[in-house]
Amino acid sequence: MTDKPRLRFAPSPTGYLHIGGARTALFNWLYARRHGGTFILRIEDTDKSRSTEESVEAIFDGMRWLGLDWDEGPYRQTDRLDIYREHAERLIEKDLAYRCYCTKEEIEAQRKAQLEAGASQFRYTGRCRKRPDHPDQPCVIRVRMPQSGETKFEDLVKGAITTSHETIQDEVILRPDGIPLYNFGAVVDDATMGIDIVARGDDHVNNTARQILIYQALGYEPPRFAHLPMILGRDKQRLSKRHGAVSVTWYREAGYLPHAMVNYLVRLGWSLDDKTEIFSLDDLLRDFSFDRVGQSAAIFDPDKLQWINHHWMMESSGRELAAPLAEQLAKLGVDAHGDPRLERLAELFKARTKTLAEMAERARVYLSEGVGEYQAKAKRKFLVEASRPHLEAIRERLEKEPPEGIDECGLEEWMREYAESRSVGLGKVAQPLRVALVGGTASPGICETIALVGRDESIRRIEAALQVIE
RNA sequence: GGCCCCUUCGUCUAGUGGUAAGGACGUCGGCCUCUCACGCCGAAAACAUGGGUUCGAGUCCCGUAGGGGUCACCA
């Protein structure tokens with residue numbers, strides 16, 4: 001490998017960009033960026049029945065959102081059919097591959113026969129290994145694989161891996177319609193694109209020996225491999241749609257920060273030391289390496305993702321959060337774009353919520369007219385006769401405030417003095433007021449809340465609450 | 001079933017023959033306090049199992065169990 005490594009992410013566009021794929025992309029991207037190398041995006045769309053254009057777009061979207069930009073591509077395998085054909089022909093010429101005229105039905109019969117005879121797995125009989133060519137008949141092309149011996153390679157994360165050739169058969173590499181099969185397309189592409197390290201999910205370890213054999217047949221130097229452990233669901237089964245939220249897009253919609261996603265994903269399987277959990281992009285670009293990737297599968301933990309998201313919300317300013325908060329509000333039917341209160345809202349709620357979606361729900365009542373329904377329990381406890389004098393006193397005081405720019409400090413001082421003069425704790429005053437202002441017992445500091453709601457709306461809400469008491 | 005890979009608190013992990021097995025999420029308790037959070041302090045919680053090797057094993061070897069992956073004219 002040169003000092004400018006070339007890596008790639010090669011998804012097949014058969015659905016959304018999911019968590020596992022995103023992490024694979026991320027690790028490749030990090031390694032390439034960290035070493036000043038090249039990151040290539042390649043779409044493996046040779047399975048025409050499952051590939052869709054929407055999926056291609058979803059992959060682009062997801063990667064862009066996460067900030068994983070690519071230097072080359074997107075290449076598409078369906079644009080490169082000539083290249084595969086040419087490579088396959090080359091193998092046939094050297095007698096390292098051959099045309100196979102067995103039909104699917106025949107293969108199926110062979111399989112059945114072998115299994116019935118007690119074979120533990122099917123292996124192509126090699127019937128066409130020596131058959132003469134019939135250029136006009138439809139056929140697939142198979143590579144001639146060694147029938148004994150073994151292939152070893154040193155995986156960057158898993159260490160030495162050995163595969164016996166007994167378990168490898170003469171793979172089909174090209175279908176009658178000229179579409180390559182995975183193990184061939186990937187090899188031809190990785191070789192011709194000059195890929196130095198292939199980092200992919202460890203569901204591909206068993207393909208690696210076959211691929212190395214194909215590299216060798218083709219006369220190419222195999223790259224190095226890094227097989228990343230799988231991501232599992234709570235039940236230790238491979239993470240899939242039935243575990244719920246697995247697409248990157250879902251997390252964007254749910255109000256996660258892209259950087260939090262990156263931070264969490266990288267920690268799923270990779271660690272720097274015995275204590276660091278939080279990584280900025282700069283940190284990762286400096287510290288990421290394949291040799292610190294763990295070898296065992298990891299269970300996806302939404303709670304920890306939330307915690308990390310919360311952390312990065314805390315690191316963000318209200319200003320940075322305002323726009324994404326407005327997006328989330330829009331989904332709730334609240335048009336707050338450009339509202340000057342957004343920043344303050346984000347500032348006050350970033351410590352109190354885990355996601356931007358949650359923040360929007362909480363912020364909603366501050367932007368609406370009136371509080372809607374009071375929480376039953378809060379209403380019963382605080383909107384009671386004993387609260388009336390306090391609420392009235394505050395209303396009077398608020399009427400003296402300027403309509404804009406409430407002096408929070410002054411107001412707080414007044415409120416403390418007021419509570420003291422009535423010989424009650426501040427809570428006796430603040431809680432009923434809180435319920436009046438936001439409909440429930442939880443909110444930021446009471447004076448911050450008043451300022452947020454605004455003088456006039458606060459007065460209206462207090463009056464509404466007084467009505468309720470009667 | 002064959003083959004490949006994996007196995008430290010519930011979860012993510014540190015650990016590269018000698019540690020009181022460390023951190024984080026979550027959980028529980030406390031502090032702070034106008035509520036809710038944030039923050040802070042504290043607690044419970046792990047080396048799958050049986051054999052070796054060694055003066056000494058979470059760390060090395062073998063077996064067992066468990067988990068995952070893979071065995072296509074899918075990727």
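Throughout, protein chains are lettered first and strands after them, A, B, ... in sequence-line order, and every chain is numbered starting at 1. Computed over heavy atoms, backbone and side chain alike; hydrogens, waters and symmetry mates excluded.
- The gap from the P atom of G22(B) to that of A43(B) amounts to 11 Å, rounded to the nearest Å.
- For E315(A), there are no salt bridge (charged side-chain N to carboxylate O under 4.0 Å, His left out) partners, not counting sequence neighbours.
- Pairing for C55(B) is with G18(B), a Watson-Crick or G-U wobble pair whose two hydrogen-bonding atom distances lie under 3.5 Å.
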| message | Strictly under 4.0 angstrom, non-hydrogen atoms only: write out the protein contact profile of nucleotides 28-33 of chain B, one letter per nucleotide from the 5' end, B, S or -. | response | ------
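- Atom NE2 of H310(A) and atom C1' of C25(B) are 13 Å apart (whole Å).
- Within the 4.0 angstrom heavy-atom criterion, only backbone atoms of the sugar-phosphate kind lie near K354(A); the bases stay farther away.
- Of the candidates C34(B), A37(B), C25(B), the closest approach to any side-chain atom of L426(A) belongs to C34(B).
- Pairing for C3(B) is with G69(B), a Watson-Crick or G-U wobble pair whose two hydrogen-bonding atom distances lie under 3.5 Å.
- The distance between atom CH2 of W307(A) and atom P of C25(B), rounded to the nearest whole Å, is 5 Å.
- Of the possible donor and acceptor atoms, none in the side chain of N263(A) sits under 3.5 Å from a partner among the backbone N and O of L281(A).
- At distances below 3.5 Å, not a single donor-acceptor pair connects side-chain atoms of T167(A) with backbone N or O atoms of T163(A).
- Ring planes of F290(A) and F288(A): perpendicular class, angle over 60° (limits at 30 and 60°).
- For the C1' atoms, the distance linking A75(B) with A57(B) amounts to 43 Å, nearest Å.
- Residue side chain R352(A) does not reach the base of C38(B) through any donor-acceptor N/O pair under 3.5 Å, judged by distance alone.
- Residue G445(A) is in base contact, counting any heavy-atom pair closer than 4.0 Å across all strands shown.
- Taking atom P in both C73(B) and G67(B), one finds a spacing of 29 Å when rounded to whole Å.
- One P atom belongs to A14(B), the other to C9(B), and the distance between them is 12 Å to the nearest Å.
- In this entry G42(B) has C28(B) as its Watson-Crick or G-U wobble partner, both defining distances falling under 3.5 Å.
- For the ring-ring contact (aromatic ring centres under 6.0 Å, His included) with F279(A), the lone residue among W312(A), Y264(A), W270(A) that qualifies is W270(A).
- Using modelled atom types, one finds a donor on one side chain and an acceptor on the other under 3.5 Å when comparing Q211(A) with N183(A).
- Partners of R144(A) by salt bridge (charged side-chain N to carboxylate O under 4.0 Å, His left out), not counting sequence neighbours, listed by chain and number: D95(A).
- Across every strand in view, C36(B) sits unpaired, with no contact that passes the Watson-Crick or G-U test at under 3.5 angstrom.
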Are any protein N/O atoms closer than 3.5 Å to N/O atoms in nucleotides 6-9 of chain B? If there are, list each pair with its distance.
{"from": "C6(B)", "atom 1": "OP1", "to": "Q295(A)", "atom 2": "OE1", "distance (Å)": "2.9"}

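- A donor-acceptor distance shorter than 3.5 angstrom exists from the side chain of D283(A) to the backbone of S280(A), with no hydrogens or angles considered.
- Not a single donor-acceptor pair under 3.5 Å links the side chain of D190(A) to the backbone N or O of I195(A).
- If you take CZ of F382(A) and P of C34(B), they are 14 Å apart, rounded to a whole angstrom.
- Of the possible donor and acceptor atoms, none in the side chain of E150(A) sits under 3.5 Å from a partner among the backbone N and O of T162(A).
- Nearest heavy-atom pair, A360(A) versus Q328(A), reported as atom, atom and distance to 0.1 Å: CB-CB, 3.6 Å.
- Nucleotide G39(B) holds its P atom 16 Å from the CG atom of L348(A), rounded to whole Å.
- Look at CG on L272(A): it is 15 Å from C1' on C12(B), rounded to the nearest Å.
- None of L96(A), T151(A), I168(A) except one satisfies the side chain to side chain contact (heavy atoms under 4.5 Å, CB included) rule with M145(A); the exception is I168(A).
- Nucleotides G63(B) and U16(B) are separated by 26 Å at their P atoms, to the nearest Å.
- Residue R434(A) places no side-chain atom within donor-acceptor reach of the base of C36(B), judged by atom type and a 3.5 Å distance cut-off alone.
- Of all nucleotides listed (U11(B), G15(B), C36(B)), G15(B) comes nearest to the side chain of R292(A).
- Base pairing analysis places U64(B) opposite A48(B); the two distances defining the Watson-Crick or G-U wobble pair are each below 3.5 Å.
- Rounded to a whole Å, the CG atom of D274(A) is 20 Å from the P atom of C47(B).
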| query | Do E358(A) and R362(A) pass the salt bridge (charged side-chain N to carboxylate O under 4.0 Å, His left out) test, and can you show the C-alpha distance, the side-chain angles, and the key distance before you say yes or no? | reply | CA-CA 6 Å; E358(A) 198 187 335; R362(A) 294 283 302 276; 5.2 Å; no
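- Here E413(A) pairs with nothing under the salt bridge (charged side-chain N to carboxylate O under 4.0 Å, His left out) rule; sequence neighbours left out.
- Mapping I446(A) and F300(A) onto RNA chain B by nearest heavy atom places F300(A) at the nucleotide closer to the 5' end.
- The separation between K304(A) atom NZ and C25(B) atom C1' is 5 Å, rounded to whole Å.
- Listed candidates were U35(B), C34(B), G26(B). Nearest to the side chain of A430(A) is C34(B).
- Closest to the side chain of S271(A), from the set U13(B), G67(B), C25(B), is U13(B).
- Among the heavy atoms of the strands lying under 4.0 Å from T162(A) are primed sugar atoms or P, OP1, OP2 only; no base atom is included.
- Two residues, M314(A) and R267(A), neighbour RNA chain B, and the one matched to the more 5' nucleotide by heavy-atom proximity is R267(A).
- The separation between K377(A) atom NZ and C36(B) atom C1' is 13 Å, rounded to whole Å.
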| query | With the sugar-phosphate defined as primed atoms, P, OP1 and OP2, and the base as all remaining atoms, what B/S/- string results for nucleotides 69-75 of chain B, 5' to 3', for protein heavy atoms under 4.0 Å? | reply | BSSSBBB
